[in-house]
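Accompanying notes for the structure given below.
Order of the sequence lines fixes the chain letters, A, B, ..., with proteins taken first and strands second; residue numbering starts at 1 for each chain.
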Number of protein chains: 2
Amino acid sequence: MSISQQEANFSRRLDADLVQNPVFTGVERAILEQRLPPGTRLAETDLAEFYGVSRTVVRTGLQALAHSHLVTLRPNRGASVANPSPREAREVFEARELLEPRSAREAARRAGRADVRALRLHAQEEHEAMSANESGRALRLSGRFHVMIAQIANQRTIAEIIENLVSRSSLIIALYWTRSSTRCDEGCHNALIDAIERNDAVEAEELMRSHLVELHSALRFDNGDSSNKTLKDMLS
Amino acid sequence: MSISQQEANFSRRLDADLVQNPVFTGVERAILEQRLPPGTRLAETDLAEFYGVSRTVVRTGLQALAHSHLVTLRPNRGASVANPSPREAREVFEARELLEPRSAREAARRAGRADVRALRLHAQEEHEAMSANESGRALRLSGRFHVMIAQIANQRTIAEIIENLVSRSSLIIALYWTRSSTRCDEGCHNALIDAIERNDAVEAEELMRSHLVELHSALRFDNGDSSNKTLKDMLS
DNA sequence: TACTTCTGGATTGTATACGTTCTTGATGAA
DNA sequence: TTCATCAAGAACGTATACAATCCAGAAGTA
């Protein structure tokens with residue numbers, strides 16, 4: 001196997017068959033857009049019928065989603081949309097705070113005109129989704145913005161880790177987000193693009209760090225579980 | 001769903017059924033012990049026969065291994081042991097250098113007597129494997145040592161990422177390792193345990209960093225692909 | 001000889017059948 | 001009423017059948 005073939009494998013890995021799995025792509029998107037709230041039961045037969053495939057394909061997709069922590073599989077109990085605990089939520093953001101600022105710095109170093117243009121276009125799309133009150137779509141695009149920066153940094157391994165953490169953040173936000181608006185994002189993202197356009201690595205790193213701290217601090221873990229608490233829990 | 005249930009899901013996630021998948025556990029172990037070299041073809045029928053299960057179970061295990069980057073799946077072409085490119089190898093170690101020192105620092109802060117005892121016991125086992133010339137087993141245990149430290153740091157999300165990177169390192173070492181001995185490990189690991197026992201966080205962080213740099217620097221990427229080069233490549 | 005085309009065997013991808021486990025509502029006893 | 005037991009239905013886990021794809025060697029052509 002030649003180096004170029006190795007590279008090709010590295011880049012598509014196992015995505016090749018995953019993007020063609022309608023269960024994986026469909027459920028993933030629905031989760032990222034918060035149309036499927038945490039805890040939602042995902043019965044294999046229902047998904048098979050909805051997507052017009054056999055349970056075999058459904059199970060492949062669900063297993064992939066489970067590896068991304070977007071879905072929880074319990075033996076003999078089937079799949080449900082993941083329900084990240086406060087602890088997991090905190091840890092995901094701690095990991096992001098560790099990885100993403102470094103990525104932003106490297107992205108600012110490397111970014112060319114095409115990269116900046118793509119980022120601006122994407123920010124525009126985010127803005128439009130917000131204006132149209134499509135908050136689910138806006139949230140998914142907002143996450144994707146972070147992934148784009150990680151990709152510009154051109155470190156695929158770390159970018160992939162970040163992509164996973166960002167995905168899980170959608171669920172975390174669904175459970176623990178306290179603010180009604182995500183207007184912060186728009187300003188933060190634009191400021192980041194500006195820094196990247198100037199190739200100001202230090203500034204980009206600091207902006208990313210503060211952006212993540214901002215996000216993290218807008219999470220409240222004390223009441224996140226209330227909707228699932230039993231009456232006994234709430235009375236005691 | 002209660003918080004404690006969330007935690008339970010978080011900890012076992014999907015491991016519950018994976019540890020019971022003989023293909024996953026068997027092939028993973030063989031890869032970590034370098035009994036299955038990179039590129040080895042993994043035909044579903046062969047695995048099914050060897051482990052006495054149907055192809056369904058084989059495919060589940062292979063998909064899990066693919067998500068861990070230990071196995072490459074190519075549509076209609078089946079599975080083979082992953083063959084990380086020099087680039088991927090470099091990136092994996094860059095990610096480790098970013099994450100593990102921080103983990104070691106936190107582990108040194110948190111470690112109690114039981115943790116230190118477990119680490120010493122483990123180091124002893126490593127030592128015995130080396131003495132017995134079981135280099136595969138020694139390598140697997142050496143990786144596991146790094147995972148243990150990440151677990152002591154008590155950040156499951158990051159520990160899981162590290163576990164994945166460590167696993168991939170076995171393949172990387174199989175491909176690009178230049179030195180015959182891993183004696184470095186023994187000294188490095190013992191020094192790390194000492195620092196952790198003293199709860200010397202700064203020292204543990206620095207020891208981990210230098211240990212990883214040492215490992216990384218012992219990799220040579222220029223000749224890793226030679227055995228797979230075509231005659232034309234080698235003559236030109 | 002070098003190259004293309006074709007074909008049989010092998011391998012993977014998907015659907016489906018069936019056994020096992022779990023859930024849930026009914027039944028009955030305390 | 002409350003609880004335990006149990007049975008029917010639903011859902012999951014695994015095996016297997018069949019279709020689609022790939023690969024290697026044979027045959028044919030220049």
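Between B:L47 atom CG and C:dT11 atom P the separation is 12 Å, expressed in whole Å. In this structure, the CZ atom of B:R41 is 10 Å from the P atom of D:dA24, given to the nearest Å. Rounded to an integer number of Å, the gap from CZ of A:F24 to C1' of C:dG13 is 18 Å. Summarising the geometry, the separation between CD on A:Q63 and P on C:dT14 is reported as 13 Å, rounded to the nearest angstrom. Between B:R59 atom CZ and C:dA15 atom P the separation is 12 Å, expressed in whole Å. Whole-Å rounding puts the A:R74 CZ to C:dT21 P distance at 18 Å. The interatomic distance linking A:L62 (CG) with D:dC12 (P) rounds to 9 Å, in whole Å. In this structure, B:E49 atom CD and C:dT11 atom C1' are separated by 15 Å, rounded to whole Å.
Here A:L62 contributes atom CG and A:T72 contributes atom OG1; the two are 11.0 Å apart, rounded to the nearest 0.5 Å. A distance of 11.0 Å separates CG of A:L165 from CD of A:E160, quoted to the nearest 0.5 Å. Atom-to-atom distance recorded for B:L32:CG and B:S142:OG is 11.5 Å, nearest 0.5 angstrom. Annotation: the span from A:S167 atom OG to A:R140 atom CZ amounts to 11.0 Å, rounded to 0.5 Å.
Of the possible polar contacts, none joining the A:N164 side chain to the A:I161 backbone as a donor-acceptor pair under 3.5 Å is found.
Listed nucleotides: C:dT11, D:dT14, C:dG13. Nearest to the side chain of B:E44: C:dG13.
Residues meeting the side-chain hydrogen bond (donor to acceptor under 3.5 Å, both in side chains) test with B:R96, sequence neighbours left out: B:E100, B:H146, B:S169.
Between B:R156 and A:E91 there is no salt bridge, since no side-chain N of the basic residue sits under 4.0 Å from a carboxylate O of the acidic one.
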Summary of protein contacts for nucleotides 16-22 of chain D, nucleotide by nucleotide, where a base hit scores B, a sugar-phosphate-only hit scores S (4.0 Å, heavy atoms) = BB---SS

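Counting only N and O atoms by type, the side chains of B:E106 and B:Q155 include no donor and acceptor under 3.5 Å apart.
Between B:F221 and B:Y176, the two ring planes are perpendicular [angle over 60°; tilted spans 30° to 60°].
Helix bend of the helix from C:dT1-D:dA30 to C:dA30-D:dT1: the angle between its two end axes, each built from five pairs, comes to 10° after rounding to 10°.
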